[in-house]
Amino acid sequence: MHIRKTRLLTPGPTPLYPPALHAMMAADIHHRTQDFVKLYKATVNDLKEILVTSHDVIPLVASGTGAMEASVSNLFRRGDKVLVVSAGKFGERWVQIVKAYGLDPIVLKAEYGQAVPASEVTAKLSEPGLRGVFLQASETSTGAAHDVETIGRAVAQTDAILVVDAITGLGTMPLDIEGWGLDVVIGGSQKAFMIPPGLAFLSISPKAWRHAETCDLPHFYFDLKKEAQNAREGQSSWTPSTALLLSLNAALLYVKSIGMERLVENAQLLAKATHAAVARLGLKLFAPDAPGAAVTAVCAPDGMDSGVIVREFRDRFGSIIANGQGSMKGKIFRIAHLGYFDFGDLFSVIAELELILLANGLPVTLGSGVAAAQQVYAEAAIPAGARAGRA
Ligand SMILES: *Cc1c(COP(=O)(O)O)cnc(C)c1O
């Protein structure tokens, strides 16, 4: 049809919260002024509030990977033995980073689409001299999620620190930083925080700071100790991304107004409705055993390249959705739920998917997948009395 609105529907970058986008226009402030100090302190405090932690929280000018790298270069020593829990492309990124800094990783791998069972992780914790455990809370490349609580509580009993890439875990699953012993928790602006890419942040526990004391790895721009000291004074070490901090500040006000638990619940309900719709359409989930709520990876129908589906979403409807990464490219497509996604978005995506399947000769009853998603909404948000006998 003739008008198509472009809609960004990927699991990062995610749809932008409009007031957060507008807030960026006030970026004509200098970062060594009281106005900035106020903004920085408020933003860091709001981050601590929604993460529910008293640990230091440090924003960095970087995409999420910068914070992943900083956690390695600031907290470890050359040759440190560490455990990397890897269930997809982002787990593989941990392996690359720790190797780049000369750490000595033991890699516990799951097949794409699976999570590494917590029992496998805890069984490895007796490894002598283990200094750290790295994992993804949510592995965005496959849609699988790890059992962070069990792993966290077990690592807390050891001398190792747990470094959690929660870049798509935050806002899509409960993460009790202090209760579960999560030493480092990493987030990124362009995921559930509803703002553009370019800011990362991480929380650092006292146990992780003790690791930092003996760190012998080179680092300069990402100097976490220096950043933490400065952040307490409302300062960043270097010129910060003022525009993104203004944006984050506005987005955090919104997240606080609805509540972090509600944001998580929103993603989880969208994921549940997606599972129902996909099943109704006869498609298979890529990570059926350990599905997270950040993103649902769906297998393309037999004999069909998922790239065709991704392209038709864009060309027919202006909807930008994600293909698989690496060897999963062409095999899966990914429907995101994290951050500023609502049921209106999901109903559209499922309706568009049905039309795309129809256009490619697949048997589909138009409306059946949408109805399955609507049913999940109805059960969650329409009182039983009101819908008696109707749906
Ligand atoms: C997006 C993402 C990252 C960070 O990627 P960047 O491109 O550096 O922002 C890391 N881990 C996970 C699980 C992600 O989803």
Side-chain angles (χ1 to χ4, degrees), residues 8-16 58-73 84-98 100 107 109-110 112-116 133-148 151 162-173 175 182 184-203 221-222 241 244 247-248 251 263-264 267 271 286-287 290-297 320-326 328-329 332-341:
L8 179 60
L9 300 168
T10 57
T14 59
L16 302 175
I58 303 168
L60 298 173
V61 180
S63 74
T65 306
M68 293 169 75
E69 172 160 346
S71 71
V72 175
S73 66
V84 179
V85 178
S86 173
K89 300 309 289 180
F90 291 102
E92 290 162 20
R93 189 170 297 179
W94 271 137
V95 177
Q96 290 175 314
I97 297 171
V98 302
V107 182
K109 240 176 135 89
Y112 291 165
Q114 304 288 318
V116 178
V133 178
F134 294 84
L135 89 163
Q136 272 63 41
S138 149
E139 175 50 77
T140 319
S141 67
T142 68
H146 280 118
D147 178 353
V148 182
I151 295 169
L162 179 62
V163 183
V164 184
D165 166 358
I167 294 173
T168 56
L170 286 167
T172 66
M173 57 167 74
L175 288 168
L182 313 182
V184 179
V185 172
I186 300 169
S189 57
Q190 81 277 28
K191 307 290 169 103
F193 293 92
M194 318 174 182
I195 67 169
L199 265 191
F201 57 83
L202 64 183
S203 69
Y221 186 73
F222 295 132
S241 175
L244 285 171
S247 194
L248 181 60
L263 185 67
V264 169
F286 186 61
V295 58
T296 298
I320 311 300
I321 67 155
N323 200 325
Q325 295 168 253
M328 292 170 276
K329 190 165 184 198
I332 60 173
F333 59 97
R334 292 176 292 155
I335 298 174
H337 319 301
L338 73 172
Y340 199 56
F341 278 96

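We use all heavy atoms of the structure for the numbers below, so side chains are in, but hydrogens, waters and symmetry mates are not. Remember, it's 1-based here, ligands and their atoms both numbered in the order they're listed. All values derive from a computational prediction rather than experimental measurement.
Atoms of ligand 1 lying under 4.0 Å from at least one heavy atom of S138, given by number and element, are 13 (C). With ligand atoms numbered from 1 in the order given, ligand 1 contributes 4 (C), 6 (P), 8 (O), 9 (O) to contacts under 4.0 Å with heavy atoms of G64.
A distance-only check finds no donor-acceptor pair linking the side chain of S138 to the backbone of A145 [under 3.5 Å]. Side-chain atoms of H146 never come within 3.5 Å of backbone atoms of A115 as a donor-acceptor pair (strictly under, hydrogens ignored). S86 places no side-chain N or O within 3.5 Å of a backbone atom of K109 that could act as its donor or acceptor partner. Judged by distance alone, with hydrogens and angles left aside, the side-chain atoms of R334 form no donor-acceptor pair with the main-chain N or O of T296 at under 3.5 Å.
Among all protein heavy atoms, the one lying closest to atom 11 (N) of ligand 1 is D165 OD2, 2.6 Å. Distance from atom 3 (C) of ligand 1 to its nearest protein heavy atom, with residue and atom name: F90 CE2, 3.4 Å.
The heavy atom nearest to atom 13 (C) of ligand 1, out of those in V295, I167, T140, is found in T140. With atom 14 (C) of ligand 1 as the reference point, the heavy atom nearest to it among R93, K191, Q190 is part of K191.
For the residue pair R93 and Q136, no side-chain donor N or O sits within less than 3.5 Å of a side-chain acceptor on the partner. Side chains of H337 and T172: a donor-acceptor N/O pair is absent below 3.5 angstrom, by distance only.
Looking at T65 against ligand 1, both its backbone and its side chain come within 4.0 Å, counting heavy atoms.
Close N/O approach between S63 and ligand 1 is found [any backbone or side-chain N/O within under 3.5 Å].
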